[in-house]
2 protein chains.
Amino acid sequence: MNTLAEENYLKSIYHLALSSANVSTNQLAALLKTKASSVTDMLKKLADKELINYTPYQGVNLTAAGEKIAVNIIRKHRLWEYFLVEKLNFKWDQVHDMAEEMEHISSNELIDRLDKFMGFPKHDPHGDPIPDCNGLVKTHHLEPLSSIVPGQHGTICGVRNHSTMFLQYLEKQSLTIGKKIKVAETIEFDHSMILQMEGKEIQISREVANNLLIAQ
Amino acid sequence: MNTLAEENYLKSIYHLALSSANVSTNQLAALLKTKASSVTDMLKKLADKELINYTPYQGVNLTAAGEKIAVNIIRKHRLWEYFLVEKLNFKWDQVHDMAEEMEHISSNELIDRLDKFMGFPKHDPHGDPIPDCNGLVKTHHLEPLSSIVPGQHGTICGVRNHSTMFLQYLEKQSLTIGKKIKVAETIEFDHSMILQMEGKEIQISREVANNLLIAQ
DNA sequence: TTAAATTTTTAGACAAGTCTAAATTTTTAA
DNA sequence: TTAAAAATTTAGACTTGTCTAAAAATTTAA
């Protein structure tokens, strides 16, 4: 199959391609914490394997074959995260690094059985959709909380930042997946927001509101 | 921590050391399916890290630090095998290769929680003891079935050969872990045996009897 | 006990993936 | 539109873990 490094590159290209059509060498270097020159080397190899379309200086995108591999890795990552939280009682801010390792366990039979064992969950602990065994991803359309106008209601369904620090902050404020909120007021000065949740008022910064994803 | 290759060498040295005090370069090369020269290179590296005692031409054994790592990997391997069989309904002949990958997932917190989740099992699906979280291995003393004399009773508690072929054969004959048997007769000509199990008679070769481990 | 066989190590090479430094291409902005 | 800045690629080197071939040490057996 593919090496660990190849899988990580494909996964990173997939994630970056969600927000920019052609993924640049530097974007990848930043995400993978490596050097642009190393990225170039790997892009050539992935292009040789026809997993990406690569034109020098023009960035890359995944071929159908490359996307299939990337989605499969993301499926594994999210199912293992679900397992760690739901079965082993880890917190949602503790599971990322473990899942980064577990996503490379190769057996698809294993992951399909794990999926069944857990009752075919649709979302991981951070609200991200879990691709099904055919590679189908149900990408729900969610708004950042910052774009919700005062008076409107919504449900927290995802986060845009997965850092431990942000997740721990949210946990502390009880701003977790599934919570229903109402935007009470937005402060013009700093774009902070006052929310109503479970009868209480919570004030959050624009930064936080930008990174919380809401379904209305 | 240690690389994948280093972990596999330590594990192999541990397994070989169970039957021969000093493990030879060629034994390791055979088990790891690599060349003796590659083994020598790695032994130097492990000796530098003080994980093994290595004298050129004299074979190796594990230091306390090396054994601790080896036992921890074996703990992970066996707990994951138990998980695959008990929770995901794999057969005992299907889990080895998957566990070979999973044993390298680094988190000890993860494996300790997995252990708890499964109720602290004492033996893996092949009857091998699962080391506890402190690295303690309860090595039960078992006899090969071939050394049991006619008339004696016993319980199948382990296997000496873990190959898919052998495990599938045993499954087919219902010669599985926990089964109670009685040796009815041994045939002098080829050392085959006739067993009584659950009211039926089963005839097995010396080869099979040699690889079945019995508690009396 | 010594010659042959076996085991082990050494020497030199290679592939994967990374790096730094330099060269090249593209983009930006005057 | 062109010079400077930024992004990207190339060149050459390094590490890990492997290999083959040859040399050295150990064991076996006559």
Side-chain angles (χ1 to χ4, degrees), chain A residues 1-17 19-62 66 69-70 73 100-101 103-104 106, chain B residues 1-17 19-62 66 69-70 73 100-101 103-104 106:
Chain A
M1 260 314 274
N2 306 286
T3 66
L4 184 65
E6 285 170 353
E7 290 191 349
N8 283 332
Y9 273 85
L10 292 173
K11 183 183 57 163
S12 295
I13 294 167
Y14 180 91
H15 283 311
L16 291 170
S19 34
S20 58
N22 260 31
V23 175
S24 77
T25 302
N26 267 2
Q27 279 180 297
L28 277 168
L31 186 56
L32 287 160
K33 293 185 171 51
T34 183
K35 302 294 164 175
S37 56
S38 307
V39 173
T40 301
D41 287 345
M42 182 58 92
L43 294 184
K44 286 180 192 163
K45 194 195 295 185
L46 293 173
D48 284 346
K49 288 186 152 194
E50 301 191 14
L51 298 174
I52 61 172
N53 301 118
Y54 169 54
T55 319
Y57 297 101
Q58 304 307 309
V60 294
N61 51 63
L62 294 171
I69 295 168
I73 294 164
E100 286 286 293
E101 292 182 57
E103 71 192 8
H104 301 289
S106 59
Chain B
M1 262 313 278
N2 305 287
T3 67
L4 184 66
E6 285 169 354
E7 290 191 348
N8 283 332
Y9 273 85
L10 292 173
K11 183 183 58 164
S12 296
I13 294 167
Y14 181 90
H15 283 312
L16 290 171
S19 34
S20 57
N22 261 30
V23 175
S24 77
T25 302
N26 267 1
Q27 278 179 299
L28 276 168
L31 185 56
L32 287 161
K33 294 185 170 49
T34 185
K35 302 294 164 173
S37 55
S38 308
V39 174
T40 300
D41 287 346
M42 182 58 91
L43 295 184
K44 286 179 192 164
K45 193 196 296 186
L46 293 172
D48 284 348
K49 289 185 150 196
E50 302 192 13
L51 298 174
I52 61 172
N53 300 118
Y54 169 53
T55 319
Y57 296 101
Q58 303 308 308
V60 294
N61 51 64
L62 295 171
I69 295 168
I73 294 164
E100 286 286 293
E101 292 183 56
E103 72 191 9
H104 301 289
S106 59

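Computed from heavy atoms alone, side chains included, the values below leave out hydrogens, waters and symmetry copies. So that the names make sense, note that chain A is the first sequence line, chain B the second, and so on, each numbered from 1. The structure presented is a predicted model; accordingly, all values stated were derived computationally and were not measured.
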| Any N or O donor-acceptor pair linking the side chain of A:Ser37 to the base of C:dT20 at under 3.5 Å? | yes
Look at the side chain of [X] and decide which nucleotide, out of [options], has an atom nearest to it.
| X | options | value |
| --- | --- | --- |
| B:Tyr57 | C:dT9, C:dT18, D:dT18 | C:dT9 |
| B:Lys44 | D:dT26, C:dT18, C:dT10 | C:dT10 |
| B:Ala36 | C:dT9, D:dT8, C:dC19 | C:dT9 |

Side-chain N,O ([X]) to OP1/OP2 ([N]) below 4.0 Å:
| X | N | result |
| --- | --- | --- |
| B:Ser38 | D:dC19 | yes |
| B:Thr40 | C:dT10 | no |
| A:Thr25 | D:dT9 | yes |
| B:Asn26 | C:dT6 | no |
| B:Tyr54 | C:dT9 | yes |

| In whole angstroms, how far is the P atom of C:dA16 from the CG atom of A:Asn2? | 13 Å
| For the pair made of CG in B:Leu28 and P in C:dT7, what is the distance, rounded to whole Å? | 14 Å
| query | Should we say atom CD of A:Glu100 is surrounded by more than 12 heavy atoms from elsewhere, each under 6.0 Å from it? | reply | yes
